[in-house]
4 protein chains.
Amino acid sequence: MKNTTSPVQVGDFAIGSSNFVVMAGPCSIESLDQFSETANIVKEYGATILRGGMFKLRTNPETFQGMGREAFDIAREVKKRTSMPFISEITDPRQVSDMAELVDVFQVGSRNMHNYALLKELGHVKKPVLLKRGFSGLISEWLLSAEYIVKHGNPNVILCERGIRTFETATRNTFDVNAIAFVKQNSNFPIIADPSHGTGATALVTPVALAAAAAGADGLIIEVHPRPSEALSDGFQALTPEMFKELMIKLERVLNALDRKIEKPQ
Amino acid sequence: MKNTTSPVQVGDFAIGSSNFVVMAGPCSIESLDQFSETANIVKEYGATILRGGMFKLRTNPETFQGMGREAFDIAREVKKRTSMPFISEITDPRQVSDMAELVDVFQVGSRNMHNYALLKELGHVKKPVLLKRGFSGLISEWLLSAEYIVKHGNPNVILCERGIRTFETATRNTFDVNAIAFVKQNSNFPIIADPSHGTGATALVTPVALAAAAAGADGLIIEVHPRPSEALSDGFQALTPEMFKELMIKLERVLNALDRKIEKPQ
Amino acid sequence: MKNTTSPVQVGDFAIGSSNFVVMAGPCSIESLDQFSETANIVKEYGATILRGGMFKLRTNPETFQGMGREAFDIAREVKKRTSMPFISEITDPRQVSDMAELVDVFQVGSRNMHNYALLKELGHVKKPVLLKRGFSGLISEWLLSAEYIVKHGNPNVILCERGIRTFETATRNTFDVNAIAFVKQNSNFPIIADPSHGTGATALVTPVALAAAAAGADGLIIEVHPRPSEALSDGFQALTPEMFKELMIKLERVLNALDRKIEKPQ
Amino acid sequence: MKNTTSPVQVGDFAIGSSNFVVMAGPCSIESLDQFSETANIVKEYGATILRGGMFKLRTNPETFQGMGREAFDIAREVKKRTSMPFISEITDPRQVSDMAELVDVFQVGSRNMHNYALLKELGHVKKPVLLKRGFSGLISEWLLSAEYIVKHGNPNVILCERGIRTFETATRNTFDVNAIAFVKQNSNFPIIADPSHGTGATALVTPVALAAAAAGADGLIIEVHPRPSEALSDGFQALTPEMFKELMIKLERVLNALDRKIEKPQ
């Protein structure tokens, strides 16, 4: 089984190479203190890219919708302090120009995999785009959504499996580990795994993260919060710093067993 | 079982009243001739609202994406000729102002049920919005998406069941007739049915349309094309004029049996 | 759309002819009084075939499993009193010989659509078999399961759509009305609808029953209980006698509108 | 995360202990030569338990249904030659007594997870039962099916995740790796993985097998055929001997990285 993935460059390293890339951080940026504290933690334990949501897509209009543009200064400051590349979700084609100077990777959420107006707009920038699979997106549709971005000018697409909607209700989503292996063998896009959304339960994140790595994923994106019970969104699936540390130790061992290693933060 | 639906006014009549409203027309506006011809046909056989796509959401970036703004003049002309209210799909929040003067009902497609940027923008207009169910949207999520529009200022939301994605592959989607009955009993929004997408097969449209009416739907939206095999999109699920005529005859008989009638074109 | 259904004879009438057949009764036989009372009610309001479970398939081993063979005498007595044909579920190939003298139609439940040992055994009798669709059975698999019975010698198979398992949780199952229309057009087996299991909610049974009739079903199987709140199984989806009466009135009107009528009890 | 699994003894070793158990062999026993050759191969590369189907559940009644009782002598002979414990599928409660002297583990296939007549019968023997998850079985239903066996007297139940039916069609099933982690944390039954059915594609078996191991599974069941293209059933998901050898090498490295090892054949 040959690896024909075309790596996508982010800063000084590439996603889709033999090195495994870990993105981590809180679901949402909540304050400078919270984001800075979390960034320091995930960097210390080996994450290379910092995640943090500013615009949140929430099913219920009455719930926290993210800090929005008020988070821009916080993100800018924490990037400066940690020197970490930053990934954040874009939810509206009108956000592209403002976000382009701030983020190193645009994240397209699961609900927007079919939002072709947004995908076309992201074709006009050169920044990498992390395209999450729609929670009911066929793999074939997902690859075509990636082609929307490529066709409009931006070849730097990274796929992200984050669990699909099935009949099962014991877990928030069903993480489709088959999709990791299938995409590696049938496309040239790098693919990473989001076991936080893929399971929707803190206790399941670590085993499923290791599974994704063993199946050949190019990286992970993980929700970490210093105090998950206080998180403004999705605390039920966030790892504590201690859990994240343990995950990184096991992850390195599993990857080494398969002749791979973790890309280290600079 | 009491009907507590709050009707939504479109022109001189209301959707969600005892009168049943039929929307019909081609999947896509392809030319003045094609759209005008189809409009005359559907009006003759009893449709009250004219449908016609201008911006199309297509899974594959290489397929026909709709005529876009080039269709605006065609739509304006056919509206004038037929005096029919016009419904068309909006796919980008930046289209709202241009489309607002042209359409009588904004259609939000299945892929955009979770596109909250678009829903919020549609909260700022007063025109009715037909909100299709996401093909994997829970009914509870669908009602919350409707609340996004209401919360931002526009109470004129009409729901549209258009089939959900399931394991079954004999039909394009699984039309969820339960959802019709459930929504009528558990929400105040009118709900109509789209058996064209709900089945994805011309031969199944009529029986499922009748089923939706018998289950209590407030109306239908139906794809009709003078020559389905020549349609630029979705011809496999379009009714011919003759089939549409037969559907309308049967529909009236079923509705009358349940003490309802079809809203007639003016 | 031609009807090529091959009718299946049950007593003096046929399922799959222009006449619509209603089967009704309690989920489970609980006592002679309960079953006799229910039988009288459903016969009075127009049901032609009496249903009543003796062997129940229950997900939880601690719940009521049906009266089993203790119900045989009750069923025999109520059949005699009402002169109604009797349908009941078979759950084990070893029950065939004992049940054959008692039931007029063998019911194969959803969980057993893939139980080929049972299907083969039912091929060796001549009694009609009502084959429910597996809650996750593809239509193509369902038709092949019917072929197991036919291939082993019994052509008298009636299909029953009873809802499929999907991501939706607002209803117990998703009643697949498309399947009714599809089967009528693509197979020769009669098909009836079970809106009790198809919805799993008393309030939804009537609209979905009417929908199934409008879509072309050959009949219905309905759970009725004199006092649903006291039922030992599935009371939440049973109609009261009054609801069943109203359903039959509306059903007749809808069928008449489509030039069909209800098969009357003798 | 504590491991509270209660190991199930098979011959001289236990499933659910720190040692990982690999079951392998052909989908179906086709001849003495084919079964003996395959058994030697899988034993050489490290499988501990020999699998081989005798009674096959096939969707289509016209396809190969297994050799049935004709395979008993072959199985007995190969067991003697290899000294390997033998697992084979039971499809009818009437097979229990005949099979009990031949098999070391009864396998209940996915289609029979809800076949309570069969499960009850298996409660009356003491042999271990491998209970595959129904392809649409909720985890909660699966655990209750296991309780049917336990309640009727047999506590020796091993669960097997084999992929679930979802909307995705790129793979035969969606292997639910979440279920592995969930069951380990929420039940006392050992759980193994079947990546052959879980993916339905030879090329995906190895990465998904490694994923299952990394997620904490207690073992694997793998289809291996000397010449997959000549297999009478499911050749498209069988590993060749060479592929199986490579899987075992990688598997050992991944398990060692997580402080576990593979149970060796005797």
Side-chain angles (χ1 to χ4, degrees), chain A residues 1 133 135-143 163-186 193 195 198-217 243 246 249-259, chain D residues 1 133 135-143 163-186 193 195 198-217 243 246 249-259:
Chain A
M1 183 189 336
R133 182 179 182 184
F135 54 71
S136 295
L138 292 166
I139 294 172
S140 58
E141 294 173 338
W142 188 18
L143 296 175
I164 59 174
R165 180 164 283 183
T166 68
F167 62 84
E168 181 57 69
T169 53
T171 52
R172 189 182 188 189
N173 292 291
T174 298
F175 183 78
D176 185 1
V177 71
N178 286 3
I180 302 284
F182 186 90
V183 165
K184 289 301 290 181
Q185 293 176 27
N186 294 280
T199 63
T202 299
L204 303 177
V205 170
T206 294
V208 172
L210 298 176
M243 287 170 171
E246 285 180 37
I249 292 168
K250 288 183 180 171
L251 181 64
E252 183 152 43
R253 295 181 64 184
V254 168
L255 288 167
N256 290 348
L258 295 166
D259 297 325
Chain D
M1 184 191 337
R133 181 179 181 183
F135 55 72
S136 295
L138 292 165
I139 294 172
S140 58
E141 295 173 337
W142 189 18
L143 296 176
I164 59 174
R165 179 164 281 183
T166 69
F167 62 85
E168 181 57 70
T169 54
T171 51
R172 189 182 188 190
N173 291 291
T174 297
F175 183 79
D176 185 1
V177 71
N178 286 2
I180 301 284
F182 185 90
V183 165
K184 288 301 289 183
Q185 293 176 28
N186 294 279
T199 62
T202 299
L204 303 178
V205 170
T206 295
V208 172
L210 297 176
M243 288 170 170
E246 286 181 33
I249 292 169
K250 288 183 180 170
L251 180 64
E252 182 153 43
R253 295 182 62 185
V254 168
L255 287 166
N256 290 349
L258 295 166
D259 298 325

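Order of the sequence lines fixes the chain letters, A, B, ..., with proteins taken first and strands second; residue numbering starts at 1 for each chain.
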| said: Please classify the contact of Asn256(D) with chain A as side chain, backbone, both or neither, using a heavy-atom distance under 4.5 Å. | reply: backbone

| remark: CZ of Arg253(D) to CG of Asp259(A), rounded to nearest 0.5 Å, is 4.5 Å

| request: Check Thr171(A) against Phe182(D) and note the closest heavy-atom contact, atom names and distance. | output: CG2-CD1, 4.4 Å

| request: For each of Ala212(D), Gly198(D), Ala215(D), Ala213(D), tally heavy-atom pairs with chain A at distances under 4.5 Å, and name the one with the top tally. | output: Ala215(D)

| task | Specify the closest pair of heavy atoms between Ala211(A) and Val177(D), including all atoms of both residues, with the distance to one decimal. | result | CB-CG2, 3.7 Å

| field | Residue among Val254(D), Ile164(D), Leu255(D) with most heavy-atom pairs under 4.5 Å to chain A | value | Ile164(D)

| note | Interatomic distance, CZ@Phe167(A) vs CD@Glu141(D), rounded to 0.5 Å, equals 8.0 Å

| Does any heavy atom of chain D fall under 4.5 Å from the side chain of Asn186(A), the backbone, both, or neither of them? | neither

| said: Donor-acceptor check, side chain of Asn178(D) to backbone of Val208(A), threshold 3.5 angstrom: yes or no? | reply: no

| request: Please collect all salt bridge (Lys or Arg N to Asp or Glu O under 4.0 Å) contacts where either partner lies in residues 206-215 of chain A, sequence neighbours excluded, each pair once. | output: none

| request: Find the distance between CG (Leu138(D)) and OG1 (Thr166(A)) and round it off to the nearest 0.5 Å. | output: 8.5 Å

| query | Is there side-chain contact between Pro207(A) and Gln185(D), with heavy atoms separated by less than 4.5 Å? | reply | yes

| Can you tell which of Gly216(D), Ser136(D), Ala179(D) has the highest number of heavy-atom pairs within less than 4.5 Å of chain A? | Ser136(D)

| Part of Thr199(D) within contact of chain A (heavy atom distance under 4.5 Å) | both

| request: Measure distances from Arg172(D) to the heavy atoms of chain A and classify the residue's part below 4.5 Å as side chain, backbone, both or neither. | output: neither

| task | Answer with side chain, backbone, both or neither: which region of Thr174(D) has an atom nearer than 4.5 Å to a non-hydrogen atom of chain A? | result | both

